[in-house]
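Note sheet for the following structure.
These numbers come from the heavy atoms of this one structure, side chains and all, not from hydrogens, waters or symmetry mates. Order of the sequence lines sets the chain letters (A, B, ...), proteins ahead of strands, with each chain counted from 1.
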Number of protein chains: 2
Amino acid sequence: MSWSTAQVARMAKVTSRTLRHYDRIGLLVPAWTGNNGYRYYEQEQLLRLQRILLLRELGLGLNQVAEIVDARHDQVAALRQHHKWLLREQERYARLAATVSETISQLEGGNEMAADRLFEGFDVDSERQKEYEAYLRARFGEGVQEHLDESKGRMRDWSDQQKSEFLAEWPAILRRVAELAEAGVAVTEERALDVLAGHYAFVCKAWTPNKHSYRGLGEMYADTEEFRSQIEAVRPGLAEYLRDAMAAYAEARLS
Amino acid sequence: MSWSTAQVARMAKVTSRTLRHYDRIGLLVPAWTGNNGYRYYEQEQLLRLQRILLLRELGLGLNQVAEIVDARHDQVAALRQHHKWLLREQERYARLAATVSETISQLEGGNEMAADRLFEGFDVDSERQKEYEAYLRARFGEGVQEHLDESKGRMRDWSDQQKSEFLAEWPAILRRVAELAEAGVAVTEERALDVLAGHYAFVCKAWTPNKHSYRGLGEMYADTEEFRSQIEAVRPGLAEYLRDAMAAYAEARLS
DNA sequence: GGTTGACTTTGACGTTACGTCAACTTCTAA
DNA sequence: TTAGAAGTTGACGTAACGTCAAAGTCAACC
């Protein structure tokens, strides 16, 4: 069954403008578009929209929302995690209400409330950002998010030489890993681990992952569309192979 | 005791940019500004900031926040009402969490959730707007907010003739009421009620208030800075006189 | 007194996530 | 066929700051 833009907008209590915006930025692409240009959405898109609105409600920017809903991840497990997030947000409102109650009591008693107590529970944005970061840390490991940020953001500050080095090295590594996959080399073989040492050294230019983080990075590569599509473009199935090779490397050579 | 911009920003977990912005728009004016141009805030401003941040957190636009915090109203009563608002927002998160739980159950059971059930609890903005409107209705009565909106918004669509009629009539009414006050006429006297009939007729051009609403409108005139300053400019103390006269008129001649 | 770094200001452009509107096409019911 | 509802694209506008530059002020230290 499919629904038009207005039908979805009505059900989800958003505007059709919002849905068009989300299509435009690739956040929620309709199931199909008719010859007339009309957008039609199906159950899968509705479920995705629910997650989008939820994460938006939890204060994430749309870029961050995209990161999360795009990640390959068991949908039910993701929803469970969002549910926990909601409960924590609920607790925050309880804290706000407690602060207001305290202010009322103090005013009624003719007292002055301690200035810094007035704003207990109000650090909304930083707390929400912490939740987001905690989510990523739990999902991928320590430092992986920073690595992602750097790969996206810091390149802006790089010199042209740094950029071209990066742009040369990353694909070269992918190609070496692809050759392993092509040759049917098991990820635990010494030969594979040596190639992965090259990747590890490449990553260590920005940050030194531990065992857990390096494995997490491999999962991020496989699970987030941004990296995955790059890797899969080199060779189908490479994302999984790289992920497994990184896990094997972490196991064998990191602590 | 006073605090600098950065001190307040730190305590309230906002940026100094936000505080400057609020000063700029008149929402939170510092207690005093030094010869060097530096802003200093005192306890009164901190309490006001708490309310501002609270209402912002509840989803109001800054214009709406200003309306509420500017209204002359017992501070403790206002905080009590905000507290209730917070608890209702907490409930909304509980509803969101319940919707997510339901989605999880359905997905685990291999079912499809009814499309419109997917977004139960998600109508965030309209619910928040309803809370705001309910607040104003409880405070001033039915229709008073619409009147306020009209006096602010609809004038945009008026012809120049309509505007000048309004701009002539409203001050003329204020002057007539001021003469009553000057002459020491009790608001319950026939003479006063007759003048107020003129104001009532003026209001009825837009909307017909009942007894409660008309009294509420008088309270809005006295309690919201926007109207109050206009009225007090005609004659100090006129806002209270007009409020009392409107209450008397409502009592005597409306149902 | 001079220096330095932290703090503060004003001014102004930029950002995010749409809101609003215009112009046009498509659909559907009467 | 017609009219009104529904849909599209394109594009400017908005709210609430974020960011940055330029310049002034303050306070501690030498």
Under a 3.5 Å cutoff, is there a donor and acceptor pairing between the side chains of Glu67(A) and Tyr132(A)?
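Yes - a donor-acceptor pair under 3.5 Å links their side chains.
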
For residues Tyr41(B) and Gln7(B), is any side-chain donor paired with an opposing acceptor at under 3.5 Å?
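No - no donor-acceptor pair under 3.5 Å links their side chains.
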
What does Tyr22(A) touch in the nucleic acid at a heavy-atom separation under 4.0 angstrom: a base, only the sugar-phosphate, or nothing?
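Result for Tyr22(A) = sugar-phosphate.
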
Looking for any heavy atom pair under 4.0 Å, which part of the strands does Thr15(A) touch: base, sugar-phosphate only, or nothing?
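Sugar-phosphate, backbone atoms only, no base.
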
Presence of salt bridge, Glu89(A) and Arg92(A), under 4.0 angstrom:
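A salt bridge links Arg92(A) with Glu89(A).
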
Quiz item: Tyr38(B) side-chain donor-acceptor pair to dG24(D) base, under 3.5 Å:
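Counting by modelled atom types and ignoring angles, a donor-acceptor contact under 3.5 Å is found here.
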
Do the side chain of Arg17(B) and the base of dT19(D) come within less than 3.5 angstrom through a donor-acceptor pair of N or O atoms?
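Indeed there is one.
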
Any side-chain N or O of Thr18(A) below 4.0 angstrom from OP1/OP2 of dG19(C)?
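Indeed, a polar side-chain atom of Thr18(A) lies that close.
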
5' priority, DNA chain C, between Ala6(B) and Arg24(B) [closest heavy atom]:
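On the 5' side of the pair lies Ala6(B).
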
How many whole angstroms separate atom [atom1] of [X] from atom [atom2] of [N]?
X	N	atom1	atom2	result
Asn35(B)	dT9(C)	CG	C1'	14 Å
Arg39(A)	dT25(C)	CZ	P	18 Å
Leu60(B)	dC17(D)	CG	C1'	17 Å
Asp23(B)	dG11(C)	CG	P	12 Å
Arg56(B)	dA15(D)	CZ	P	16 Å
Ile52(A)	dC18(C)	CD1	P	10 Å
Asn63(B)	dA16(D)	CG	P	6 Å
Arg20(A)	dA22(C)	CZ	C1'	13 Å

Can you tell me how the ring of Tyr40(B) sits relative to the ring of Tyr38(B), calling it parallel under 30°, perpendicular over 60° and tilted otherwise?
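It falls in the tilted class, 30° to 60°.
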
From the list dC26(D), dC17(D), dC18(C), which nucleotide is the closest neighbour of the side chain of Asn36(B)?
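Selected nucleotide (nearest to the side chain): dC26(D).
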
Proximity to the side chain of His21(A) - top-ranked nucleotide from dC17(D), dA17(C), dT9(C)
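Taking heavy atoms from C-beta onward, the closest nucleotide is dA17(C).
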
Can you list the residues that meet the side chain to side chain donor-acceptor pair (under 3.5 Å) rule with Ser101(A), with sequence neighbours excluded?
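Ser101(A) satisfies side chain to side chain donor-acceptor pair (under 3.5 Å) with His83(B) once adjacent residues are dropped.
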
On DNA chain D, does the nearest nucleotide to Ser4(A) precede the nearest nucleotide to Leu62(B) from the 5' side, or the other way round? Give the residue.
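Result: Ser4(A).
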
